[in-house]
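Everything below concerns the one structure shown next.
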Amino acid sequence: MHVELAWATDPGLHRDENEDSILVWRNRAGVEALIVVCDGMGGHAAGHLASSIASETVAHSLDKDGDRGPDPGRLKAAAMQANSAVFESAKQNTAWNGMGSTMVVVAIDGGDLALLNVGDSPAYLVRDREPRLISQDHSWPAEQVRLGVIKPEEAVDHPMKHRLTRAIGVWEHITVYTDKLTLKPGDQIILCSDGIETAGVSVEEMRQMLSGEDLDAGVKRVIARCRERGAPDNVTLAVARLEGAAEETTQVLTTRKLRPRAPQGA
């Protein structure tokens, strides 16, 4: 099966800095498609630095591990390297203390998908027009729901909804969530930062806007809808759709590598 890819990122209407980072590779790192979406935190330069280091490190670790295929174990090993890279970078400057990033990664090859996530940036599988969350939410309310402390409906507008219990680079050691799925033609995988939800665009709205033939146009419609509704946060979206066979090419589709310089005297 061929994987069609489309993606976009936008700073939104109220942020000077885009703290999201997105990386999309085709036929590299031993898989047909690799997508990484990271949403940085720490404010301004630190948030973007954290997400950039996280996305680049996890991808390049997979590229150099000498293995092939969408294996959750590969993703976990690469994420551990990314966590260490962000954690160690934060030690270099007091202005970066506490910086971190969410991370959601999918690797697709031969109809198989491996998933890893840390934090609250979601991944969805859309099959037969039905979207389903396939990542695990690591916000404080979601963790309380899994523990049976609060009910799912209480987590929806909880005041601590954006308080994360897990993030790349904040702690020296991290626990990740992984899964492996078998895909079929017509499936769509959607990765995004939480800026889409913050803008008030529902998963069902997003599914409808991505249902046309032109996947790239669909992604642009989602970003435009977020901006129409105020886009208070950075907005990032990447979509993979399973289709028929196609000629193999090796290509780095996009990667963000800008990193802020350390403040003088650091």
Side-chain angles (χ1 to χ4, degrees), residues 1-7 21-39 51 53-86 101-127 131-138 166-169 173-193 215 236-243 245-246 248-255:
M1 288 185 285
H2 171 61
V3 183
E4 182 183 0
L5 299 167
W7 67 95
S21 290
I22 182 169
L23 181 147
V24 182
W25 283 356
R26 185 189 296 282
N27 292 318
R28 187 170 169 181
V31 293
E32 185 177 354
L34 177 70
I35 304 173
V36 185
V37 171
C38 294
D39 182 353
S51 67
I53 293 174
S55 59
E56 293 169 20
T57 303
V58 73
H60 287 285
S61 295
L62 290 167
D63 199 29
K64 296 176 181 178
D65 68 2
D67 208 345
R68 295 188 59 84
D71 176 15
R74 292 184 66 202
L75 300 189
K76 182 177 179 180
M80 295 304 174
Q81 293 189 42
N83 187 73
S84 296
V86 176
S101 178
T102 70
M103 174 182 286
V104 58
V105 185
V106 296
I108 303 171
D109 194 78
D112 291 324
L113 175 147
L115 162 79
L116 176 142
N117 86 282
V118 179
D120 62 353
S121 294
Y124 301 96
L125 167 65
V126 179
R127 175 173 291 172
R132 174 170 66 93
L133 182 70
I134 56 174
S135 57
Q136 187 178 77
D137 187 347
H138 298 143
R166 307 184 206 179
I168 293 290
H173 302 289
I174 192 68
T175 301
V176 303
Y177 175 79
T178 61
D179 200 3
K180 189 166 185 177
L181 305 173
T182 300
L183 303 176
K184 67 178 187 178
D187 284 352
Q188 281 191 0
I189 305 298
I190 303 171
L191 278 64
C192 53
S193 61
L215 197 58
T236 298
L237 171 67
V239 186
R241 182 161 63 193
L242 274 290
E243 298 182 333
E248 179 174 322
T249 58
T250 300
Q251 184 180 8
V252 177
L253 298 176
T254 184
T255 180

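We number each residue from 1, following the sequence as shown.
Rounding to the nearest 0.5 angstrom, the gap separating the CH2 atom in Trp7 from the CD1 atom in Ile35 is 9.0 Å. In this structure, His60 NE2 and Trp25 CH2 are separated by 4.5 Å, a value rounded to the nearest 0.5 Å. Once rounded to the nearest 0.5 Å, the distance linking CG of Asn27 with CG of Asp109 reads 8.0 Å. Cys192 SG to Asp39 CG: the interatomic distance, rounded to the nearest 0.5 Å, is 10.5 Å. A distance of 11.0 Å separates CG in Leu116 from CD in Gln136, rounded to the nearest 0.5 Å.
The side-chain heavy atoms of Leu115 and Tyr177, taken from C-beta on, include a pair separated by under 4.5 Å. In this structure, Val24 and Leu34 have side chains that are not in contact, with every pair of non-hydrogen atoms separated by 4.5 Å or more. Contact of the Asp112 side chain with the Leu183 side chain is not registered, since no non-hydrogen atoms from C-beta on lie closer than 4.5 Å. Side-chain contact between Leu5 and Val239: absent, with no pair of heavy atoms (C-beta onward) separated by less than 4.5 Å.
The main-chain N or O of Gly169 is found under 3.5 Å from a side-chain atom of Asn83 such that the two form a donor-acceptor pair.
Closest approach of Ala79 to Val58, counting heavy atoms only: N-CG2, 3.8 Å. Nearest approach of Ile168 to Ala54, heavy atoms of both residues: CG2-CB, 4.1 Å. Contact detail for Met103 and Ala82: the closest heavy-atom pair is CE-CB, 3.8 Å. Heavy-atom minimum distance, Ala123 versus Val104: CB-CG2, 3.8 Å. Of all the heavy atoms in Ser193 and Val37, the pair that sits closest is N-CG1, 4.1 Å.
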Worksheet entry | From CA spacing to verdict: side chain to side chain donor-acceptor pair (under 3.5 Å), Thr102, Ser121 | CA-CA 6 Å; Thr102 70; Ser121 294; 2.7 Å; yes

Discussion item. For a side chain to side chain contact (heavy atoms under 4.5 Å, CB included) check, start with the C-alpha distance between Leu242 and Val3, then their side-chain angles and the critical distance, and finish with the verdict.
Written reply: CA-CA 5 Å; Leu242 274 290; Val3 183; 4.1 Å; yes

Practice prompt. Given side chain to side chain contact (heavy atoms under 4.5 Å, CB included), test Val36 with Ile22 step by step and report yes or no.
Written response: CA-CA 6 Å; Val36 185; Ile22 182 169; over 6 Å; no

Practice prompt. Tell me, with the steps shown, if Val176 and Asn117 meet side chain to side chain contact (heavy atoms under 4.5 Å, CB included).
Written response: CA-CA 6 Å; Val176 303; Asn117 86 282; over 6 Å; no

Worksheet item: Do Leu125 and Arg132 pass the side chain to side chain contact (heavy atoms under 4.5 Å, CB included) test, and can you show the C-alpha distance, the side-chain angles, and the key distance before you say yes or no?
Response: CA-CA 5 Å; Leu125 167 65; Arg132 174 170 66 93; 3.4 Å; yes

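The side-chain hydrogen bond (donor to acceptor under 3.5 Å, both in side chains) search around Thr236 returns Thr9, Asp20, not counting sequence neighbours. Checked against side-chain hydrogen bond (donor to acceptor under 3.5 Å, both in side chains), Glu4 has the following partners two or more places apart in sequence or in another chain: Arg241. When the side-chain contact (heavy atoms from CB on, under 4.5 Å) test is applied to Leu181, the partners found at least two apart in sequence or on another chain are Leu113, Ile134, Asp179. Every residue meeting the side-chain contact (heavy atoms from CB on, under 4.5 Å) condition with Pro72, not counting sequence neighbours, appears here in chain and number order: Ala114, Thr178, Lys180.
Among pairs with a residue in residues 63-80, those fulfilling side chain to side chain donor-acceptor pair (under 3.5 Å) read Arg28-Asp63, Asp65-Arg74, at least two apart in sequence or across chains. Sorted by first then second residue, the salt bridge (charged side-chain N to carboxylate O under 4.0 Å, His left out) pairs that include residues 183-192, not counting sequence neighbours, are Arg127-Asp187, Asp128-Lys184.
With no hydrogens or angles considered, no side-chain donor-acceptor pair links Ser101 and Ser51 at under 3.5 Å. Side chains of Ser61 and Gln81: a donor-acceptor N/O pair is present below 3.5 angstrom, by distance only.
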